[in-house]
Amino acid sequence: MLHRFGFFLMSLSAAEDDSGSEIHIPADIDWHMLDKSKFFFLGAALFSGVSAALYPVVVLKTRQQVSSTQVSCFKMSFSIMRYEGLRGFYRGFGTSLMGTIPARALYMGALEVTKSSVGTATVSLGFSDTTATALANAAAGLSSAMAAQLVWTPIDVVSQRLMVQGYNDSNSSKNVNLNVNFCRYRNGLDAFRKILYADGPKGLYRGFGISILTYAPSNAVWWASYSVAHKLIWSGIGCSMGKKDESGSIVMGSGFRPDSKALVAVQGLSAAMASGISALITMPLDTIKTRLQVLDREENGVRKPLNILQTVRNLVQEGGLAACYRGLGPRWASMALSATTMITTYEFLKRLSTKSQEPLTS
């Protein structure tokens, strides 16, 4: 979910020295420089607040994905507010919040450890700084997503069922067709108990494989894209700050030190660009994953979970490739807003959590 994309938490090094320009931005803070307990505690608090602000967008995305017909965000939002009120936008949030601390602890730990180790290894193998950074970010995104899914898959299964249940039970189902067919749950704990009783532990990990196939590539694509976009933007700024000599070459006489507003703007733009690329590439997988975790089928009066082939077949019948991209708008918005907020919040968090008070500038 943003969900995960609450998971887009990492900072990148300074841009390369291109065309004779020299840009000085704050140096990256490595894993060994952090106070781990402070890092995880403050991180859980900060990111939970961001997740609460963006959660309604995740609800919209999830309901669009399980709908058997194309429904606009406006119509979906109007129906939720009319029949369920503001509470409808936060169904399952309590359950999602419960998984925040362990999931993000696993995510951030794997992220930083992998980033440091892979970055060091790739540089020692002779890769350029640009290539080494991209590889380290992609590897870190991959490993962190896989680690976090151990906690997030059960949380996803429960919270997403709660998200769509209210819609299915309310009068709004008359206006929007949802393919939801499962038990009624009173709350997250009741859903957890009923799923465990009906399907065993595998019921809580329904869609675990497709979740890895969705979020691991999504994180890898996001961080690799972010790295490239981040460096390209700083390179462009370096070129624009320079002056042309008689030969047409760009030269800068002194180093350029951007202020905090410039840093945030570049990070936000890079995050939005990376989110768009990642959302487009992985949206079909995310739609399949959501349906696997939420929808059921009936066979001779017995409720059974869908498999991947049945889910894909249903999507093809409902609208082909376009059906796989239902909820793309909310998902992209969720990823972009979450990533932009998280990436800047994360930089602030890392500086709050450093062990020493030495200047963090290059």
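Remember, predicted model here, so these are calculated numbers, not experimental data. These values consider heavy atoms only, across backbone and side chains, with no hydrogens, waters or symmetry-generated copies.
With sequence neighbours excluded, no residue forms a side-chain hydrogen bond (donor to acceptor under 3.5 Å, both in side chains) with T122. Under the salt bridge (charged side-chain N to carboxylate O under 4.0 Å, His left out) criterion, R313 pairs with no residue, sequence neighbours left out. Scored by the side chain to side chain contact (heavy atoms under 4.5 Å, CB included) test, T282 finds S218, S278, R331 as partners (sequence neighbours excluded). By the salt bridge (charged side-chain N to carboxylate O under 4.0 Å, His left out) test, R87 is found to be paired with no residue, residues two or more places apart in sequence or in another chain being considered. For L269, the side chain to side chain contact (heavy atoms under 4.5 Å, CB included) partners two or more places apart in sequence, or in a different chain, are I233, M273. Looking at residues two or more places apart in sequence or on another chain, you find a side chain to side chain contact (heavy atoms under 4.5 Å, CB included) between N307 and L309, Q310. Under the side-chain hydrogen bond (donor to acceptor under 3.5 Å, both in side chains) criterion, T95 pairs with no residue, sequence neighbours left out.
Here the CD atom belonging to E318 is positioned 9.5 Å from the SG atom belonging to C324, to the nearest 0.5 angstrom. How far CZ of F78 is from OH of Y83: 7.5 Å, rounded to the nearest 0.5 Å. With rounding to the nearest 0.5 Å, the separation of CG in L162 from CZ in R184 is 10.5 Å.
Under the 4.5 Å side-chain criterion, counting only non-hydrogen atoms from C-beta, M163 is in contact with V58. Looking at heavy atoms from C-beta onward, S96 lies out of side-chain contact with S51 at the 4.5 angstrom threshold. Side-chain contact between S211 and Q293: present, with at least one pair of heavy atoms (C-beta onward) separated by less than 4.5 Å. Inter-residue side-chain proximity for L306 and N314 is flagged as met; some heavy-atom pair is nearer than 4.5 Å. Within the 4.5 Å cutoff, side-chain heavy atoms of R63 are placed close to those of R91. Counting heavy atoms from C-beta outward, L60 and I80 have side chains that approach closer than 4.5 Å. In this structure, the side chains of T114 and S144 stay at 4.5 Å or more apart for every pair of heavy atoms. Put simply, the side chain of R186 reaches to within 4.5 Å of the side chain of R193, judged on heavy atoms.
Between W234 and H230, the ring-plane angle classifies as perpendicular under the 30° and 60° cut-offs. Ring geometry for Y55 against Y90 counts as parallel: the plane angle stays under 30°, on a 0 to 90° scale with 60° as the upper cut.
Across A272 and W332, no two heavy atoms sit closer than the pair O-NE1, 3.8 Å. Between S227 and T133, the shortest heavy-atom contact is OG-CG2, 3.6 Å. Taking every heavy atom of both residues into account, T120 and S116 meet most closely at OG1-O, 2.9 Å. The shortest heavy-atom contact between L86 and M81 is N-SD, 3.9 Å. In plain terms, the two heavy atoms of S159 and G92 that are nearest each other are CB-O, 3.6 Å. The shortest non-hydrogen separation linking S143 to A140 is OG-O, 3.2 Å.
V123 belongs to no hydrophobic cluster with other residues, because no ILVMFWY side-chain heavy atom falls under 4.5 Å from its own, directly or through intermediates. Hydrophobic cluster membership of L135, counting Ile, Leu, Val, Met, Phe, Trp and Tyr whose side-chain heavy atoms lie under 4.5 Å apart directly or via other members: L125, F127. Grouping Ile, Leu, Val, Met, Phe, Trp and Tyr residues whose side-chain heavy atoms lie under 4.5 Å apart, directly or via other members, places V221 in a hydrophobic cluster with I277, I281. Other residues sharing a hydrophobic cluster with M283 under the 4.5 Å side-chain heavy-atom criterion for ILVMFWY residues are L280, L321, Y325, L328.
No chain of hydrophobic side-chain contacts below 4.5 Å, direct or via other Ile, Leu, Val, Met, Phe, Trp or Tyr residues, connects V118 to L111. F89 and V57 are not part of a single hydrophobic cluster, where members link through side-chain heavy atoms under 4.5 Å apart.
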*Begin with the C-alpha distance, continue with both residues' side-chain angles, and end with the deciding distance and a verdict on side chain to side chain contact (heavy atoms under 4.5 Å, CB included) for Q160 and T290.*
CA-CA 8 Å; Q160 287 179 155; T290 300; 3.9 Å; yes
*side-chain hydrogen bond (donor to acceptor under 3.5 Å, both in side chains) between T131 and S128, worked out*: CA-CA 5 Å; T131 303; S128 67; 3.1 Å; yes
*Could you walk me through whether W222 and S275 pass the side-chain hydrogen bond (donor to acceptor under 3.5 Å, both in side chains) test, one step at a time?*
CA-CA 6 Å; W222 195 95; S275 297; 3.0 Å; yes
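Judged purely by atom type and a 3.5 angstrom limit, S79 has no side-chain atom pairing as donor or acceptor with the backbone of M76. Listed for the K289 side chain is no donor-acceptor partner under 3.5 Å among the backbone atoms of I212. When atom types are taken as modelled, the side chain of Q64 and the backbone of V71 share a donor-acceptor pair closer than 3.5 angstrom.
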Side chains of residues 202-210: which donor-acceptor pairs under 3.5 Å do they make with residues two or more places apart or in other chains?
residue : atom : partner : partner atom : Å
Y205    : OH   : L150    : O            : 2.7
R206    : NH1  : L292    : O            : 3.2
R206    : NH1  : L295    : O            : 3.1
R206    : NH1  : D296    : OD1          : 2.9
R206    : NH2  : D296    : OD1          : 3.2

